[in-house]
Amino acid sequence: MILMEWLQFVLGVAFLLAGVGVFAVQVFGVFKFDYVLNRMHAAAMGDTLGIGISLAGLIILSGWNFASLKMALIIVFLWNASPVSSHLTARLEAVTNPHLERCCEMEEGVTEHIWDEDQKEIIYADKTRRRNDGCI
C-alpha cells in the first residue's frame with residue numbers, strides 16, 4: 001500500500017514539474033518573439049498545456065474525490081475557453097493591423113480583407129461577404 005502512495009506522489013510531482021517546464025518555455029517564447037501574434041500563440045499554447053498538465057498532477061496527488069472532479073471540469077473549461085479567446089484576439093489583431101504583411105508571411109488568397117488607408121475601413125476581397133453591422 002505504501003508503494004502505491006509513493007507512486008502516486010512521484011507521478012503527481014512529475015506532472016507538476018512538467019507543467020512548470022511548459023510554463024518556463026512559454027515565458028521564454030513570449031519574450032523571444034517580436035511580433036504580437038507569435039507571442040500570443042506561445043502564451044496561449046503554453047497556458048492551455050501547462051495548466052492542463054499541472055491540474056492533472058494535482059488530480060493525481062489529490063486522489064479520486066470530489067475535488068478531483070472539480071479540477072477535471074476546470075481542465076475541460078480551460079481547454080475550451082483559452083484557445084477560443086486567443087483565436088478571437090488574434091483575429092482582432094489581423095483585422096485591425098493595416099501593416100500585417102510586413103510582420104508575417106501570408107499566402108495569396110488567405111486574407112479576406114485589406115486595409116484601406118484613405119477610408120480607414122476594411123475592404124473585403126469578396127464584396128458579397130461584406131456585412132453592414134461591422135462584424136467580421
Side-chain angles (χ1 to χ4, degrees):
M1 189 64 170
I2 194 144
L3 181 64
M4 289 300 291
E5 291 176 4
W6 272 102
L7 184 63
Q8 180 182 5
F9 176 75
V10 168
L11 195 60
V13 170
F15 270 79
L16 282 174
L17 290 176
V20 169
V22 169
F23 285 132
V25 171
Q26 167 193 349
V27 169
F28 177 74
V30 167
F31 286 113
K32 179 190 176 292
F33 293 124
D34 294 329
Y35 186 55
V36 66
L37 290 178
N38 295 337
R39 288 192 309 261
M40 192 186 67
H41 179 71
M45 295 299 287
D47 181 42
T48 304
L49 185 61
I51 288 175
I53 292 173
S54 298
L55 283 174
L58 290 176
I59 288 172
I60 292 170
L61 286 174
S62 172
W64 299 109
N65 54 24
F66 193 64
S68 299
L69 177 65
K70 289 179 188 179
M71 286 187 272
L73 290 175
I74 290 172
I75 291 173
V76 169
F77 174 74
L78 289 176
W79 274 55
N80 288 314
S82 182
V84 171
S85 63
S86 63
H87 172 76
L88 291 175
T89 307
R91 188 171 179 133
L92 176 71
E93 169 66 20
V95 168
T96 59
N97 189 352
H99 309 291
L100 189 63
E101 291 82 17
R102 293 183 199 166
C103 302
C104 58
E105 297 177 12
M106 297 185 314
E107 296 177 12
E108 278 189 48
V110 171
T111 57
E112 299 174 353
H113 52 76
I114 50 176
W115 184 262
D116 186 13
E117 282 292 329
D118 298 331
Q119 298 179 3
K120 303 290 188 212
E121 70 175 349
I122 298 169
I123 298 176
Y124 290 89
D126 183 7
K127 297 290 185 186
T128 60
R129 294 189 62 182
R130 184 177 183 141
R131 295 189 214 170
N132 293 330
D133 60 355
C135 298
I136 303 298

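Note: hydrogens, waters and symmetry copies are ignored here, and every other heavy atom, side chains too, is used.
When the side chains of ILVMFWY residues are joined at heavy-atom separations under 4.5 Å, either directly or via intervening members, Met45 and Phe33 end up in two distinct hydrophobic clusters. Both Trp64 and Val13 are part of a single hydrophobic cluster, where members link through side-chain heavy atoms under 4.5 Å apart. Clustering ILVMFWY residues whenever any of their side-chain heavy atoms sit less than 4.5 angstrom apart, transitively, puts Met4 in a cluster other than the one holding Trp6. The hydrophobic clustering, which links ILVMFWY residues whose side-chain heavy atoms are closer than 4.5 Å, places Ile74 and Trp79 together. Linking ILVMFWY residues whenever their side-chain heavy atoms come closer than 4.5 Å, directly or via other members, leaves Val25 and Leu78 in distinct clusters.
Within the structure, side chain to side chain donor-acceptor pair (under 3.5 Å) contacts touching residues 67-76 (residues at least two apart or in different chains) are Asn65-Ser68.
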Under 3.5 Å, side-chain donor or acceptor atoms of residues 46-61 against the rest of the protein: list the pairs with distances, not counting sequence neighbours.
{"unit_1": "Asp47", "atom_1": "OD2", "unit_2": "Ser82", "atom_2": "OG", "d": "3.4"}
{"unit_1": "Thr48", "atom_1": "OG1", "unit_2": "Ala44", "atom_2": "O", "d": "2.9"}
{"unit_1": "Thr48", "atom_1": "OG1", "unit_2": "Ser82", "atom_2": "OG", "d": "3.2"}
{"unit_1": "Ser54", "atom_1": "OG", "unit_2": "Gly50", "atom_2": "O", "d": "2.9"}

Let me check something: any side-chain donor-acceptor pairs from residues 14-21 under 3.5 Å, sequence neighbours excluded? List them with distances.
none

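Among all heavy-atom pairs drawn from Met71 and Ser62, the shortest one is CE-CB, 4.0 Å.
The local environment of CE in Met40 is crowded, with over 12 non-hydrogen atoms from other residues, nucleotides or ligands closer than 6.0 Å.
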